[in-house]
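Okay, structure first, notes after.
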Amino acid sequence: MLKIYNTLTRSKEVFTPRVAGKVGMYVCGMTVYDYCHVGHARVMVVFDTVVRYLRYLNYDVTYVRNITDIDDKIIHRANENGEDFHALTERFIDAMHEDEDALSVMRPDIEPRATSSIHDIIAMIEKLIANEFAYVGTNGDVFYAVDKFKNYGQLSGKNLDDLQAGERVDVDLAKRNPMDFVLWKMAKEGEPFWESPWGNGRPGWHIECSAMSTCCLGNSFDIHGGGMDLQFPHHENEIAQSEGATGEKFVNLWMHNGFVRINEEKMSKSLSNFFTVREVLKQYRSEIVRFFILSSHYRSPLNYSDESLNDANAGLTRLYTALRDVEILEAEIDAEYKMRFEEAMNDDFNTPVALAVLFDIVRELNKTKSPVLAATLKSLASILGLLQDNPESFLKFRFGDSLTGDFHLNSNLSEEFIEQQIQARIDAKKAKNWGLADQIRDELKAQGIILEDSPDGLTRWRRE
RNA sequence: GGUUGCGUAGCAAAGCGGUUAUGCAGUGGCCUGCAAAGCCAUCUAGAGCGGUUCGACUCCGCUCGCAACCUCCA
C-alpha cells in the first residue's frame, strides 16, 4: 500500500487516486533562461522516480511538467544578450532536454509552455474577475485579491495577518492589499506582449501553472509537485486561483522535494553557489549523479560535495561489479527482495532504503552468483532508473568531455594499450617475474586503471 | 518577529518504543605469488536537560544549534 507525504496535511497518507488506476500529476518545471543546475536535476530525478514507481504499480499516469518560457528574467536576459526571447528559451529548452536525457529522466507526457497557453490563462483570469476574486489595479495590471479566498495560507501554514506583518513585502500602491499578486501584467515599452481584455501584456507566473495544469489534467487532479521553495507563494497562489476559478478542489496531494545544498546553504542562482548539470557531468557520470540524488530521501536536504559524489561512485561501482560475469535470468524475480524493495518505496518513496535492499541483494549475489538474484537486482534498480548499462562498459567507461576529447579525468589510456600491458603482465607472471608484473600493475594504477586477477588466470580491468 | 523542518557513529544516510539498517572509510581474518574484487568478523551512534514507560535514538516538554519560507527561486 503506497503512502505519500502530503504537504497539505503534513502527514503520510495512503495514496488513493481520484479515478481508480489513473493518476494525474503536475510538476512545476523550469524557467528557461539559463542552464539547469543540480537543484533542478533533483526535481527532475525525484519526480521521474515517482512516475516510474507509480507506473510499476500499474497506474496509468499522465505526467505534466510545464515550461515557463515568458517572465521578467527571460525578458531581462534576452535584452542583455540582444536576442529575441524565443530564441533564448528555445536554446535552454533544448539544453534542459539534453540534461534530463543524460540523467535517464523520462520525458513528461505533456510539457505545456506558458506562451502556448495564453488563451487558457486569459480565460481563467476572466473567470476570476467574474467570481470577484480578481480586480484591475490602478496601474492596469490585474491582481488576485487574497482576502477573498478564505483558505489562503492553508498549504504553507501561514495566515494573512502573519504575512502582512512580515517586513519583506513590497508596498505596491496599485494593489488593494500588499499580499495581492499579479495575474496579468501590462507590457512596458519594448516587451513582448499578448492581447487581452485588459490591454497588451503578459501573464503572471502563478496563473500560468494554474491554467496549464487545469488545462492538461482537469479542474481536479491527484498530485502536484515541485521544490520546497514553491510552497509559498507559488503553490498557495495556484490553489487560490484554480479553486477560485472552478469552485472545485484543485489538488489532493502536494509533494515537495528538499533542496540541494552546498556547505549547508541552499544552492541557488541568487547565491551564485550553483553547479550546472553540464558542469557536473564533465566530472561525474550521469548515473552517479542520479545515484547521489536517490541516496537521500526526496524531502531531506541533500548536500552537494565532491566527497558525496565520490561515495556515490563507489556505491554504484559495487552494484555494477556484482552484475559482472553473472548470467541474468530475466524470467524470475526473488519475491522476498521484491517485497522489501516495494515496502521501502511504498513508504513515501524511501529510495535510501530501496538502495539498501539492492546492496543486500549484492551481498548474496556475490556469494551465490544466482541468475535470479542478478535479474532481481537489475529489475528493481530499473525502477530507480539505475543499473541499466552493461556492467563492463560502466566499469571501463572513460569519462570526461567528449566534445574536446579531454578524457584524462579517469585515465587517458586506450583499451588497446591497456590490453597490451595486461598481456605483458601475464607473460611476466608466467615467468614468475613478480617484480615486472607488479610494476606494470602499479603503472596502470597510477593512470587510473585497476587490474583484477581472476582464479582462471585471466585479468580484467576497470577505470577508477 | 511569524511559519515549517532538521540535529544519528570518521563521512553519507534510513527504519524502529526492546532484536544486524545500508554504502564509503577503519581494524582482524579468508582468498591471492603479492594485490584488487569478493566473502566472514568487528570498532566508532542518535545535540543537551527533564518527563512518560518495565524499557527511548525512537513519544512529550524545554534549551541549544542549523536550514528553509515569509521577495524571484526547483
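In what follows, every chain begins at residue 1, and chains take the letters A, B, ... in the order their sequences are listed.
Under the 30°/60° scheme for interplanar angles, the aromatic rings of A:H224 and A:W254 are found to lie parallel.
Between A:N366 and B:C39, a side-chain N or O to OP1/OP2 separation shorter than 4.0 Å is present. In this structure, A:K369 does not reach the B:G38 phosphate: none of its side-chain N or O atoms is under 4.0 Å from OP1 or OP2. Between A:R318 and B:G38 there is a side-chain N or O to OP1 or OP2 distance below 4.0 Å.
The interatomic distance linking A:H224 (NE2) with B:A74 (C1') rounds to 11 Å, in whole Å. Straight-line distance from the CG atom of A:D306 to the C1' atom of B:C11: 14 Å, rounded to whole Å. Distance, A:D72 CG to B:C72 P: 10 Å, rounded to whole Å. Between A:N310 atom CG and B:A12 atom C1' the separation is 12 Å, expressed in whole Å. The CG-C1' distance, from A:L271 to B:A68, rounds to 12 Å in whole Å. Atoms CG (A:L436) and P (B:C34) sit 18 Å apart, rounded to a whole Å. Taking atom CE on A:M255 and atom P on B:G5, their separation rounds to 17 Å, with Å as the unit.
Residue A:I450 is classed as a sugar-phosphate contact, given heavy-atom separations below 4.0 Å to backbone atoms only. Heavy atoms of A:R340 sit nowhere under 4.0 angstrom from any nucleic acid atom. Contact annotation for A:N257: base contact, defined as any heavy-atom pair under 4.0 Å involving a base atom. As judged by a 4.0 angstrom heavy-atom cut-off over every strand, A:H256 is placed among residues making no nucleic acid contact. If you check every strand for non-hydrogen atoms under 4.0 Å, A:S156 touches sugar and phosphate atoms only. Among the atoms of the strands shown, none is found under 4.0 Å from any heavy atom of A:Q231. No contact: A:M44 has no heavy atom under 4.0 Å from any strand. Heavy atoms of A:S300 sit under 4.0 angstrom from primed sugar atoms or phosphate atoms, though from no base atom. Counting any heavy atom pair closer than 4.0 Å across all strands shown, A:K73 reaches a base atom. Within the nucleic acid shown, A:G39 comes within 4.0 Å of at least one base atom, counting heavy atoms only. Residue contacts for A:S308: at a heavy-atom cut-off of 4.0 Å it reaches no nucleic acid atom on any strand shown. Among the protein residues, A:G29 comes within range of the sugar-phosphate backbone only, with heavy atoms under 4.0 Å from sugar or phosphate atoms but none that close to a base. Among the protein residues, A:V46 comes within range of no part of the nucleic acid, since none of its heavy atoms lies under 4.0 Å from any strand.
Comparing the same atom, P, in B:G26 and in B:G10 gives a spacing of 15 Å after rounding to whole Å. Using atom P as the reference point in both B:A14 and B:U3, the two lie 27 Å apart (nearest Å). Atom name P, nucleotides B:U27 and B:C43: the rounded distance is 16 Å, in whole Å. Nucleotides B:C70 and B:C54 are separated by 47 Å at their P atoms, to the nearest Å. When the C1' atom is used for both B:A35 and B:U42, the distance is 23 Å, rounded to whole Å. B:G46 and B:A9 are spaced 8 Å apart, taking the P atom of each and rounding to whole Å. For B:U52 and B:C57, the P atoms lie 16 Å apart once the distance is rounded to whole Å. Atom name P, nucleotides B:G51 and B:G65: the rounded distance is 24 Å, in whole Å.
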Name every donor-acceptor pair, under 3.5 Å, that has one atom in a side chain of residues 340-347 of chain A and the other anywhere in the protein, sequence neighbours excluded.
| unit_1 | atom_1 | unit_2 | atom_2 | d |
| --- | --- | --- | --- | --- |
| A:R340 | NH2 | A:D360 | OD2 | 2.6 |
| A:E342 | OE2 | A:Y56 | OH | 2.5 |
| A:E342 | OE2 | A:K338 | NZ | 3.2 |
| A:N346 | OD1 | A:Y53 | OH | 2.8 |
| A:N346 | ND2 | A:E342 | O | 3.3 |
| A:D347 | OD1 | A:K12 | NZ | 2.8 |

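For A:R10, taking side-chain heavy atoms from C-beta onward, the closest of the listed nucleotides B:A37, B:C69, B:G5 is B:G5. For A:D229, counting side-chain heavy atoms from C-beta on, the closest listed nucleotide (B:A74, B:C72, B:G33) is B:A74. Of the listed nucleotides (B:A74, B:A21, B:U3), B:U3 has the atom at the smallest distance from the side chain of A:K158. Taking every side-chain heavy atom of A:R425 into account, B:G33 is the closest of B:C40, B:A37, B:G33. Each of B:C24, B:A36, B:A74 was ranked by its minimum atom distance to the side chain of A:V260; first place goes to B:A74. When distances are taken from the side chain of A:P352 to each of B:A13, B:G23, B:C72, the shortest belongs to B:A13. Of the candidate nucleotides B:U22, B:G15, B:C24, B:G15 has the atom lying nearest to any side-chain atom of A:D347. Among B:C72, B:G33, B:C69, the nucleotide with an atom closest to any side-chain atom of A:P233 is B:C72. With B:G2, B:G23, B:A14 as the choices, the nucleotide that has an atom nearest any side-chain atom of A:N350 turns out to be B:A14.
With respect to the salt-bridge test (charged N to carboxylate O, under 4.0 angstrom), the residues A:E236 and A:K158 do not qualify. Look at A:K185 and A:D72 and you find a salt bridge, because one of the NZ, NE, NH1 or NH2 atoms lies within 4.0 Å of a carboxylate O, short of that distance.
Of the possible polar contacts, none joining the A:N151 side chain to the A:Q154 backbone as a donor-acceptor pair under 3.5 Å is found.
Side-chain atoms of A:R278 and A:C36, non-hydrogen and from C-beta on, never get closer than 4.5 Å to each other. Between A:F181 and A:F143, every side-chain heavy-atom pair lies at or beyond the 4.5 Å cut-off. Side-chain contact between A:D453 and A:K429: present, with at least one pair of heavy atoms (C-beta onward) separated by less than 4.5 Å. A heavy-atom distance below 4.5 Å is found between the side chains of A:L380 and A:I361. Using a 4.5 Å cut-off on side-chain heavy atoms (C-beta onward), A:F149 and A:Q241 make no contact.
Contact annotation: side chain of A:R441 to base of B:A35, donor-acceptor pair present below 3.5 Å. One N or O donor and one acceptor, one from the side chain of A:D453 and one from the base of B:C34, sit under 3.5 Å apart. Side-chain atoms of A:D438 and base atoms of B:G33 include a donor and an acceptor less than 3.5 Å apart. Scanning atom types as modelled, no donor and acceptor separated by under 3.5 angstrom connect the side chain of A:K269 and the base of B:C72.
For A:H206 and A:H235, the gap between ring centers reaches or exceeds 6.0 Å.
In this pair, A:W434 lays its aromatic ring flat on the base of B:G33, centres within 5.5 Å and planes under 30 degrees apart.
Because its glycosidic torsion is more than 90° from 0, B:G51 is reported here as anti.
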Exercise. Given pairs defined as Watson-Crick or G-U wobble with both distances under 3.5 Å, what dot-bracket annotation applies to RNA chain B, with ( ) intrastrand, [ ] crossing, | other strand and . unpaired?
Worked result: (((((((..(((.....[...))).(((((.......)))))....(((((..]....))))))))))))....

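A:D161 and A:N159 are not linked by any side-chain donor-acceptor pair at a separation below 3.5 angstrom, with hydrogens and angles left out of the test.
In this structure, A:L316 and A:G157 both approach RNA chain B, and ranking their closest nucleotides by distance from the 5' end singles out A:G157. Nearest-nucleotide positions on RNA chain B for A:L355 and A:H297 put A:H297 closer to the 5' end.
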